[in-house]
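Working notes, structure below.
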Amino acid sequence: MSMVKLVNIKKSFGTLEVLKGIDLEIEKGEVVCVIGPSGSGKSTMLRCINNLEQITEGEIHIEDTLVVKRANNKDVEKGNSDLRNDLGMVFQNFNLFPHLTVLDNITIAPRVVKNADKTAIDQKAMNLLKMVGLVDKANEYPIRLSGGQQQRVAIARALAMDPQIMLFDEPTSALDPELVGEVLDTIKALAQEGMTMIIVTHEISFARDLADRVIFMDDGVICEEGPPEDVILNPKEERTQNFLNRIN
Amino acid sequence: MINQIQMRAIFDGSVLTIKVAFVALFFGLIFGTLIALGRMSKNKVIKSFSWFYVWFFRGTPLLLQLFIIFYAYPIIRIEMTGSGVEMNPMLSAYLAFSLNCAAYSAEIIRAAIESIDHGQMEAAKALGMNYRQAMTRIIIPQTYKRLMAPIGNELIMLIKDTSLVSTIALFDLLRTVKTMASATGDWVYYIYAAVIYLFLTTIFQIVFDKLEVRFGVYEER
């Protein structure tokens, strides 16, 4: 089953065209890492899938069902936008809710959106905290946590809504170097459980080790894609080669 | 010095002052929140109405608003419908002060909401919350701490501005002592009033300082 399918996605901010026609299909259980220089549209693509940005043109399908189809910045066909609830998102800056404890950060969306039973969702949250190794922080406020711990809570928070697909927007870019590893390990564990994931990242070695497929984006288009052995180790496109040379 | 009847009158005047200030703050905050959300709305009609509301009630004197409600409205009504209405002075005071407080509160609340990091709304939406859920559960609770200082300010202003109700046949604290001072030729009554105003504002200042700490407890490392 195709979990996410993008057809000719375009996105402009005013006169600036950030995405210039993206086609992408992601299968169930696939881990896709998106790399590329700053401003190439990686994050925008992710945010478009989640409707944090509205696409100017194109189609988005989730789980083989049309979610939205637009042209000239207007809806052409109304799809089933409820499917967006199957997407979980992790942000570069964590965006934990500072006024809520770690436990409440994880349980608030299930409680508010799904009317989840308090005892059941608390139990589930504790299990998720166990998974990310932060059971002892359940009653702390986010400010008392390190960046790496905050990001692990953010991952647990997204998982509490039972997403079918996880989107990671540069999950380690705001972290001190010594904290990157713990977050990457958590993402790795998720991949091993078969979660479908799209990860925008600058961690090339992580992408090489984990990804089923690597996508190199530049200037609003997908420039090159394929298994990491090809895209990262033997890139064909000159732009990919230049990018990888620059960051190594 | 001061006899029991005078003491009673000063007490009643103080109670009236507190009542007007608190009723105004209560309804002003509720209505002000709606106006603040209206100011940020994408709906042009709601947005313009909210803008116009704030523009009018901040741009004209509170005393004028009080006069319009208490003196002008009955006349307008007679001219329009032919039937008169006598305005209750207390109700008029509540209404004018609440409407006025709402305009100031709206701007305070809007600024507080807009100061919350945009990522908070995005995170709430990414978790499936709608606008109302995100506002009431995520954004607005984070404004409480930031609101305490300016809302405390507003309450203290209200306490002092209640002296305006003396113009619509009400005896607030200041008018009560003024009457006593005129009647006896003794200025000490003004000192009593000053002490009571300071006493009240001191309490509210302390309470709001405490609330600010309490609402900000999650910001302590």
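Lettering follows sequence order; numbering is per chain, from 1. Please read all numbers here as calculations on a predicted model, not as lab measurements.
- Heavy-atom neighbours of B:Phe26 CZ from other residues, nucleotides or ligands within 6.0 Å: at or below the threshold of 12.
- At a 4.5 Å heavy-atom cutoff, the contact between A:Phe97 and chain B is made by backbone and side-chain atoms alike.
- No more than 12 heavy-atom neighbours from other residues, nucleotides or ligands sit within 6.0 angstrom of CE on B:Met157.
- Within a 6.0 Å radius of OH in B:Tyr190, more than 12 heavy atoms belonging to other residues, nucleotides or ligands are found.
- With a 4.5 Å cut-off on non-hydrogen atoms, A:Asn50 touches chain B through its side chain but not through its backbone.
- Minimum interatomic distance between B:Gln133 and A:Val112 (heavy atoms only, all atoms of both residues): NE2-O, 3.4 Å.
- Other residues, nucleotides and ligands place more than 12 heavy atoms under 6.0 Å from the CG atom of B:Asn43.
- Counting all heavy atoms, side chain and backbone alike, A:Phe91 lies closest to B:Ala126 at CZ-CB, 3.9 Å.
- Remark: the backbone N or O of A:Leu96 is paired with a side-chain donor or acceptor of B:Gln120 at under 3.5 angstrom.
- Counting heavy-atom neighbours within 6.0 Å of B:Arg214 CZ, excluding the residue itself, gives a total of 12 or less.
- Atom CD of B:Glu86 has 12 or fewer heavy atoms from other residues, nucleotides or ligands within 6.0 Å.
- For the atom pair CZ of B:Arg137 and CG of A:Asp104, the computed distance is 9.5 Å after rounding to the nearest 0.5 Å.
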Begin from the C-alpha positions of B:Glu122 and A:Met89 and carry the test side-chain contact (heavy atoms from CB on, under 4.5 Å) through to its verdict. CA-CA 10 Å; B:Glu122 291 195 339; A:Met89 176 111 177; over 6 Å; no

Checking A:Ile108 against B:Leu127 for the side-chain contact (heavy atoms from CB on, under 4.5 Å) test, could you report, in this order, the C-alpha distance in whole Å, the side-chain angles of both residues, the deciding distance, and whether it holds? CA-CA 9 Å; A:Ile108 189 152; B:Leu127 286 164; 5.5 Å; no

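- Heavy atoms of A:Arg157 lying under 4.5 Å from chain B belong to its backbone as well as its side chain.
- Heavy atoms of B:Asn130 lying under 4.5 Å from chain A are absent altogether.
- For a residue to count as touching a neighbouring chain, one of its non-hydrogen atoms must lie under 4.5 Å from one of that chain's; by this rule A:Ile143 touches chain B with backbone and side chain alike.
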Apply side-chain contact (heavy atoms from CB on, under 4.5 Å) to the pair B:Tyr218 and A:Leu100, showing each step before the final yes or no. CA-CA 8 Å; B:Tyr218 59 82; A:Leu100 301 176; over 6 Å; no

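- Remark: side-chain polar atoms of A:His99 are not paired, donor with acceptor, to backbone N or O of B:Phe215 under 3.5 angstrom.
- By the 6.0 Å contact criterion, NZ on A:Lys130 is open, its count of non-hydrogen atoms from other residues, nucleotides or ligands being 12 or less.
- No more than 12 heavy-atom neighbours from other residues, nucleotides or ligands sit within 6.0 angstrom of CE on B:Met80.
- Contact annotation: the side chain of A:Pro98 approaches that of B:Gln142 to within less than 4.5 Å [non-hydrogen atoms, C-beta and beyond].
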